[in-house]
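Working notes, structure below.
Counting convention: from 1, in listed order, for ligands and their atoms alike.
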Amino acid sequence: MKRKEIKEALKSENFEQEIVVMGWVRTKRASKNVAFIALNDGSVIHSLQLVVDLEIIPELELALMHTGAAVSAKGKLVPSAGSGQKVELSVSSIELLGEANPDEYPLQPKKHSLEFLREKAHLRFRTNTFGAISRLRHAMIFAVHKFFNDKGYLNIHAPIITGSDAEGAGEMFQVSTLNLEKLSFTEEGKVDFKHDFFGKSANLTVSGQLEAELAALALSKVYTFGPTFRAENSNTSRHLAEFWMIEPEVAFFDIHDDMDLAEEMLKYLIQYALDNCADDLDFLSKRLEEEEKNKKAEDRSMELISKLKFVLEQPFERITYTEAIDILRNSNHNKKGKFHYPIEKWGADLQSEHERYLVEKHFKKPVILTDYPNEIKAFYMKQNEDGKTVRAMDVLFPGIGEIIGGSQREEDYDKLLKRMKDMKIPLENMWWYLETRKFGSVPHAGFGLGFERLMLFVSGMGNIRDVIPFPRTPLNCEF
Ligand code: ATP
Ligand code: MN
């Protein structure tokens with residue numbers, strides 16, 4: 001008989017036919033005549049209750065159906081007397097598929113800490129929390145593609161191995177087949193990459209943007225959605241060494257169009273989660289509420305679903321970096337020395353504490369900051385008339401800080417070349433990028449959304465290591 005998914009079984013009102021379900025035991029309890037097994041197959045957060053008459057199964061066999069064991073059960077659905085479920089399975093036969101010795105199986109039917117579960121990343125999919133996150137993550141991936149597809153954008157696969165360094169050296173992972181124990185050196189004492197796989201040094205990409213720009217300058221509307229890698233040693237709850245990034249790039253767009261697209265996309269994705277992931281969000285909301293109980297009242301975050309709806313209802317605040325600096329510098333928070341990095345003068349790079357102050361304390365809604373000082377932004381951003389700022393735009397979110405970083409790009413060949421020289425960008429690696437400004441250059445803009453930052457926001461989780469299946473962070477590459 002074909003397996004019925006538990007998601008379908010729980011919705012079914014067919015009490016006549018026998019069905020077969022398969023999954024993993026979450027809990028088991030036995031009374032005198034019957035055993036109750038909560039079975040989960042990952043198709044939905046809820047488990048199906050199996051009611052097993054002790055007469056149909058030898059006691060020894062039932063004893064093996066511990067938490068974590070895999071079983072297959074056949075039976076008829078019946079209306080459930082218990083609370084919390086409409087139906088349960090009245091089992092006619094049950095078979096052990098894979099045992100899980102309780103002396104060794106690390107997951108107990110109780111709450112485990114997220115830190116503990118990170119060390120058991122091979123099994124944490126089996127918890128309610130990671131089941132919910134996995135389904136939500138899938139829904140968000142699908143929604144990203146749907147959003148762009150419905151608008152006529154083309155998905156471009158940017159390369160993962162790159163010979164150029166988009167943002168400046170020092171934070172990239174090197175890709176090489178050289179034998180590290182027998183390196184050969186040039187006369188200047190540098191590693192000789194001529195004998196390396198690509199005949200030159202190569203790295204894992206930090207962004208697909210530069211390649212997306214090339215495509216946008218022919219196809220008009222494109223986006224990438226791929227893995228990106230940063231070897232920066234930032235051990236925070238918002239940084240991974242390997243993360244996924246969504247990068248639309250659009251010809252004939254200015255910075256205002258870019259902001260409109262960013263706001264529309266974020267709202268679309270949040271709405272999609274509310275419309276399609278109600279059960280999982282409900283669970284994650286309760287989980288967050290439990291977690292927040294340990295915090296002081298003023299530090300507690302808003303209830304998850306209200307927070308998502310709240311963001312949907314607000315037009316994002318749009319202000320310039322200069323206005324933001326004024327707000328921050330004059331804030332009581334700054335005057336009382338409550339920032340770890342006090343704001344003194346224009347030009348300071350904003351830390352996540354400043355971003356969050358603007359969003360959570362000052363405006364109480366998402367904020368888009370524009371026109372940052374050129375000194376703290378990348379070479380490709382369009383230069384403003386004032387000679388000091390560039391047409392950058394960062395979207396700041398509650399609880400997170402920067403969720404999107406974007407800009408209108410410099411389309412003028414001479415200005416771009418000068419800025420690249422000033423910033424000591426190796427021109428010989430970037431000739432192809434410069435050529436697009438020689439041949440049919442047009443205004444264009446784009447941005448990067450960190451997919452795991454979005455996941456943090458939508459799931460209400462506090463640590464980025466818990467919204468990606470297998471996190472890569474400094475000193476951590478298990479699994
Ligand atoms: P931050 O200042 O927060 O480190 P950034 O300015 O270095 O970010 P960008 O280069 O602008 O980031 O990248 C675009 C987006 O990618 C960011 O807005 C963020 O959502 C995400 N992002 C950047 N670095 C990481 C990281 N190490 N881990 C996860 N997401 C990241
Ligand atoms: Mn940024």
Side-chain angles (χ1 to χ4, degrees), residues 137 140 144 158 162 165-173 203-210 212-213 223-249 255 258-259 261-263 265-266 269 316 321 324 341 348-356 358-359 366-370 372-381 390-409 445-459 461-474 476:
R137 195 175 155 107
M140 290 294 90
V144 165
T162 167
D165 171 347
E167 313 265 342
E171 48 178 53
M172 300 181 93
F173 289 99
N203 297 293
L204 291 179
T205 186
V206 295
S207 157
Q209 175 199 320
L210 300 186
E213 280 188 58
Y223 72 105
T224 69
F225 188 171
T228 47
F229 307 85
R230 306 223 174 151
E232 55 197 354
N233 201 354
S234 36
N235 239 318
T236 78
S237 57
R238 299 169 307 106
H239 287 92
L240 291 163
E242 174 181 297
F243 64 100
W244 290 72
M245 185 137 65
I246 296 135
E247 296 180 275
E249 192 68 38
I255 191 174
D258 204 29
M259 289 192 275
L261 180 69
E263 182 166 345
M265 178 181 74
L266 286 167
L269 296 174
F316 296 179
Y321 166 90
Y341 295 92
D349 203 354
L350 299 184
Q351 306 294 327
S352 107
E353 58 173 345
H354 307 124
E355 297 170 342
R356 292 183 57 180
L358 291 168
V359 171
V367 176
I368 311 184
L369 287 192
T370 59
Y372 281 73
N374 54 20
E375 308 228 309
I376 55 172
K377 288 291 182 187
F379 70 89
Y380 48 71
M381 296 191 180
V390 288
R391 291 187 96 50
M393 68 100 185
D394 282 7
V395 183
L396 314 180
F397 253 42
I400 290 171
E402 180 185 330
I403 190 165
I404 281 180
S407 69
Q408 186 171 334
R409 319 305 188 189
F447 62 79
L449 165 67
F451 184 62
E452 285 75 22
R453 299 251 174 114
L454 171 78
M455 281 298 301
L456 277 178
F457 183 73
V458 179
S459 68
M461 299 296 286
N463 193 313
I464 202 161
R465 294 165 177 79
D466 298 325
V467 296
I468 188 166
F470 302 104
R472 299 288 176 252
T473 52
N476 173 26

Ligand-side contact atoms (ligand 1) for residue partner [X], heavy atom cut-off under 4.0 Å:
X    : answer
E232 : 27 (N)
I404 : 18 (O)
I464 : 29 (C)
G450 : 15 (C), 16 (O), 20 (O), 21 (C)

Option set L454, I403, L350, I246, criterion heavy-atom distance to atom 20 (O) of ligand 1, minimum: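 Going through L454, I403, L350, I246 one by one, I403 has the nearest heavy atom to atom 20 (O) of ligand 1.
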
Sub-3.5 Å N/O-N/O distance, [X] and ligand 1:
X    : answer
L240 : yes
M245 : no
F243 : no

So do M140 and L454 actually touch side chain to side chain, heavy atoms under 4.5 Å?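 A side-chain contact under 4.5 Å exists here.
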
Considering only heavy atoms from C-beta outward, does the side chain of V458 approach that of L269 to under 4.5 Å?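 They are not in contact (no side-chain heavy atoms under 4.5 Å apart), so the answer is no.
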
In chain order, what residues pass the side chain to side chain donor-acceptor pair (under 3.5 Å) check against Y321, with sequence neighbours excluded?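 Y321 satisfies side chain to side chain donor-acceptor pair (under 3.5 Å) with no residue once adjacent residues are dropped.
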
Nearest-0.5 Å distance that lies between atom CD in E263 and atom CE in M393: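 Between atom CD of E263 and atom CE of M393 there are 10.5 Å.
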
Separation between OG1 of T228 and CD of Q209, rounded to the nearest 0.5 Å: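 It comes to 12.0 Å.
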
Does the residue E452 have a heavy-atom contact with ligand 1, meaning some pair of atoms that are separated by less than 4.0 Å?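 Judged by the 4.0 Å heavy-atom criterion, E452 does not count as contacting ligand 1.
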
Apply ring-ring contact (aromatic ring centres under 6.0 Å, His included) to Y223 and F447, showing your working. CA-CA 10 Å; Y223 72 105; F447 62 79; over 10 Å; no

What part of H239 sits under 4.0 Å from ligand 1 if we count only heavy atoms: the side chain, the backbone, both or neither?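 Contact part for H239 vs ligand 1: both backbone and side chain.
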
What pairs with F470 under ring pair (Phe, Tyr, Trp, His ring centres under 6.0 Å), at least two apart in sequence or on another chain?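 Applying ring pair (Phe, Tyr, Trp, His ring centres under 6.0 Å) to F470 gives F125.
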
